[in-house]
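Numbering of residues begins at 1 and proceeds along the displayed sequence. The structure presented is a predicted model; accordingly, all values stated were derived computationally and were not measured.
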Amino acid sequence: MEFIKDSPRTRFVVPDRPTARQQLAYYSATAGANGNEYLLRLWQGAKAIMTEWECESLPKDADIDEITDPSAVDVMLWVALKVKMHIQGLEDIPKNS
């Protein structure tokens, strides 16, 4: 599944149907995400299953302890929540076309 955001320009892809390994990688990265590092863990989980990444303000493996740009944080939040919704919807019944 491809996701695109205009500002800052961001594009990423996660599998439409992640393999068991990819799902376990996501859940491993997000384990304990109900605690103090909820959004950080969701970002790590998203990175664990991304197959493509393009962003003008945030390299995929940037050191988040060094980033001060609020637009980079906005991207991380957007990506983390998009992937969370995608993973949660894997078993949803598709709508008829």
Side chain to side chain, Lys5 and Asp74, heavy atoms closer than 4.5 Å: yes

Donor-acceptor contact present, side-chain Arg41 to main-chain Ser28, <3.5 Å: no

Test item: Glu66 side-chain N/O and Asp63 main-chain N/O as donor-acceptor pair under 3.5 Å: no

Donor-acceptor under 3.5 Å (Glu56 side chain, Arg9 main chain): yes

Shared hydrophobic cluster, Leu24 / Leu42 (ILVMFWY, side-chain heavy atoms < 4.5 Å): no

Shortest non-hydrogen contact from Ile64 toward Met76: CG2-SD, 3.7 Å

Minimum heavy-atom distance between Leu58 and Trp43, given as atom pair plus value: CD2-CH2, 3.8 Å

Separation between CG of Asp6 and CZ of Arg11, rounded to the nearest 0.5 Å: 13.5 Å

Minimal non-hydrogen separation, Ala46 against Ala80, with atom names: CB-CA, 4.4 Å

Atom pair CG/CG of Leu90 and Asp16 - distance to nearest 0.5 Å: 9.5 Å

Contact check, side chains of Tyr26 and Val14, non-hydrogen atoms, under 4.5 Å: no

Which residues share a salt bridge (Lys or Arg N to Asp or Glu O under 4.0 Å) with Asp69, sequence neighbours left out: none

Nearest-0.5 Å distance that lies between atom CD in Gln22 and atom CE in Met50: 13.0 Å

Side-chain (His86) to main-chain (Pro15) donor-acceptor, under 3.5 angstrom: yes

Parallel, tilted or perpendicular, as decided by the 30° and 60° cut-offs, for the rings of Phe12 and Trp53: tilted

Non-hydrogen atoms of Lys60 and Lys47 that approach each other most closely: O-CD, 3.3 Å

Atom pair CH2/SG of Trp78 and Cys55 - distance to nearest 0.5 Å: 9.0 Å

Whether Glu2 side chain and Val13 backbone form a donor-acceptor pair below 3.5 Å: no

More than 12 heavy atoms of other groups within 6.0 Å of Lys82 NZ: no

